[in-house]
Chemist: 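This is the structure I want to talk about, given as structure tokens.
As the structure lists them, so they are numbered: ligands from 1, and atoms in each ligand from 1.
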Amino acid sequence: MPLVHMGDMLRHAYQHKYAIGAFDVVSLDFISGVIAAAEEKQAPVIISLAESHFEYFDFELLMAAVERAARRTWLPVAIHLDHGETLESAVRAINLGCTGVMVDASNLPLQENISRTRSVVDMAHACGIPVEGELGYVPGVEGEDAERHPGNVVYTTVGEAQAYLDATGIDFLAVSVGTVHGRMKGEPKLDFERLNEINRVLQIPLVIHGGTGLSDEQYRRLIDNGVTKINYYTALSDAAGRRMKDNGSNHAATGYTDIAKGIAGAIRQQTARCIELWGSAGKATELLEYCRPCRQVDHVILYNVDGLDTEGVNSMMQEGQRVLSAIPGVREVVTGHAVQHDASYRHCWLVRFADRAVIKSYKEHADHQRFANERFRPYAGGRVSIDFE
Ligand code: 13P
């Protein structure tokens, strides 16, 4: 069960002064390459899925593969929503299996950023999920040329960072200290004094976006000053692109599999280099002992109904699936009828929660209460239930 609590992961990195790579994935090759590198280096890893990339893949389908990859490796892994813009994005990500979420409202005025972030923190913490917020502005778009997105860096200020942390309760802060998303010419100038001061005052794990293109020395100084998560995508994307171009220049390569050959290996090489550079190599075993595992809870109800015919039961179940599966922290809702005619209970629900914390937040959620009080309990007199891990 190597999916672990991301808050524990980054706290360990913060205390021991190293950084964990948060690698954005856009395909199965990216997932395989990142996991292979982490296995080679015996390192913890964060697999990120950026909302701005959802036009290139089906988030739900790729999440299923990411989760399977995370559960079958022995490494400590976290799955993170990168640059989620809204509360709805965060709910969707948690319900699909993300174990950490970022809310990026950094383009809004401070008070609006605070209130958007606060709403995500309230929801996510009630589901046992940690939240990354961002303050200041890191320009550019991951995977693209920085010149095409020329917005100016807005630096994070210490005073605003403290106010933002106090007002929102975020777990990690993405800071803007001079990095840029995407490809840029030359080495960016980073404001280490500012970072040092933010770290001294906040004392929480800090995050760097725009991790591509920094020097070894810059990475080292970022980590020395509280950075524990480095977001990285453009260099992976470029390595994959180069491999495809090389494959394509061979005239015998005409089909998809010819062109796509070796992408996972190229991603693996880049990822392994970062892991080594950022100090997370060899940390997997120690972290597995330190971190709480992410455990889902199954809420099961067996029941009989009184006063509803088969059609009525089916329509109640359908409504329940729709309403309950939209509640934050609900991974899945399954309904069914007993196969045996003489079963003591004729029907069942299985509601899968992302975490133990959801037992409470689900019970108290207005949609659950309304459904349970109006559509379920009046008819389901005889029932037993259990929550199990
Ligand atoms: P790069 O585009 O510099 O790799 O940064 C990626 C990133 O910050 C994703 O959030």
Chemist: Which residues, ordered by chain and number, are linked to Tyr14 in its hydrophobic cluster, where ILVMFWY side chains connect at heavy-atom gaps below 4.5 Å, directly or through other members?
Modeler: none
Chemist: Where is the tightest heavy-atom contact between Val101 and Ala93, given as atom of each residue plus distance?
Modeler: CG1-CB, 4.1 Å
Chemist: Looking at ligand 1, would Ala50 count as a contact under a 4.0 Å heavy-atom criterion?
Modeler: no
Chemist: Under 4.0 Å from a heavy atom of Asp82: give me the atoms of ligand 1 that qualify, with their elements.
Modeler: 9 (C), 10 (O)
Chemist: Taking 4.0 angstrom as the limit, do Arg221 and Asp224 come out as a salt bridge?
Modeler: no
Chemist: Which ligand 1 atoms does His83 reach within 4.0 Å, using its non-hydrogen atoms?
Modeler: 10 (O)
Chemist: In a table with atom names and distances, give each donor-acceptor pair under 3.5 Å that connects a side chain of residues 281-291 to protein atoms at least two apart or in another chain.
Modeler:
| residue | atom | partner | partner atom | Å |
| --- | --- | --- | --- | --- |
| Lys283 | NZ | Gly279 | O | 3.4 |
| Glu286 | OE2 | His12 | NE2 | 3.2 |

Chemist: Where does the angle between the aromatic ring planes of Tyr362 and His368 fall among parallel (under 30°), tilted (30 to 60°) and perpendicular (over 60°)?
Modeler: tilted
Chemist: Below 30° counts as parallel, above 60° as perpendicular, anything between as tilted: where do the rings of His347 and Tyr303 land?
Modeler: tilted
Chemist: Do any nitrogen or oxygen atoms of Tyr233 come within less than 3.5 Å of a nitrogen or oxygen of ligand 1?
Modeler: yes
Chemist: Check ligand 1 against Thr212 and write out every atom of the ligand that is under 4.0 Å from a heavy-atom position of the residue.
Modeler: 1 (P), 3 (O), 4 (O)
Chemist: I need the atoms of ligand 1 closer than 4.0 Å to a non-hydrogen atom of Thr234, numbered in the order shown.
Modeler: 1 (P), 2 (O), 4 (O)
Chemist: Taking atom NZ as the centre, does Lys17 end up with more than 12 heavy-atom neighbours from other residues, nucleotides or ligands that are less than 6.0 angstrom away?
Modeler: yes
Chemist: Please confirm whether Ala235 comes within less than 3.5 Å of ligand 1 when only nitrogen or oxygen atoms on both sides are compared.
Modeler: no
Chemist: Could you tell me how the ring of Phe59 sits relative to the ring of Phe54: parallel (under 30°), tilted (30 to 60°) or perpendicular (over 60°)?
Modeler: parallel
Chemist: Considering His181, His80, Lys229 one by one, which has a heavy atom nearer to atom 7 (C) of ligand 1 than any of the others?
Modeler: His181
Chemist: Taking 4.0 angstrom as the limit and counting only heavy atoms of Asp24, give me the atoms of ligand 1 inside it, by number and element.
Modeler: 9 (C), 10 (O)
Chemist: Need the ligand 1 atom indices (1-based, order shown) with element for anything under 4.0 Å from a heavy-atom of His209.
Modeler: 8 (O), 10 (O)
Chemist: Heavy atoms only, cut-off 4.0 Å: how does Ile208 contact ligand 1, side chain, backbone, both, or neither?
Modeler: neither
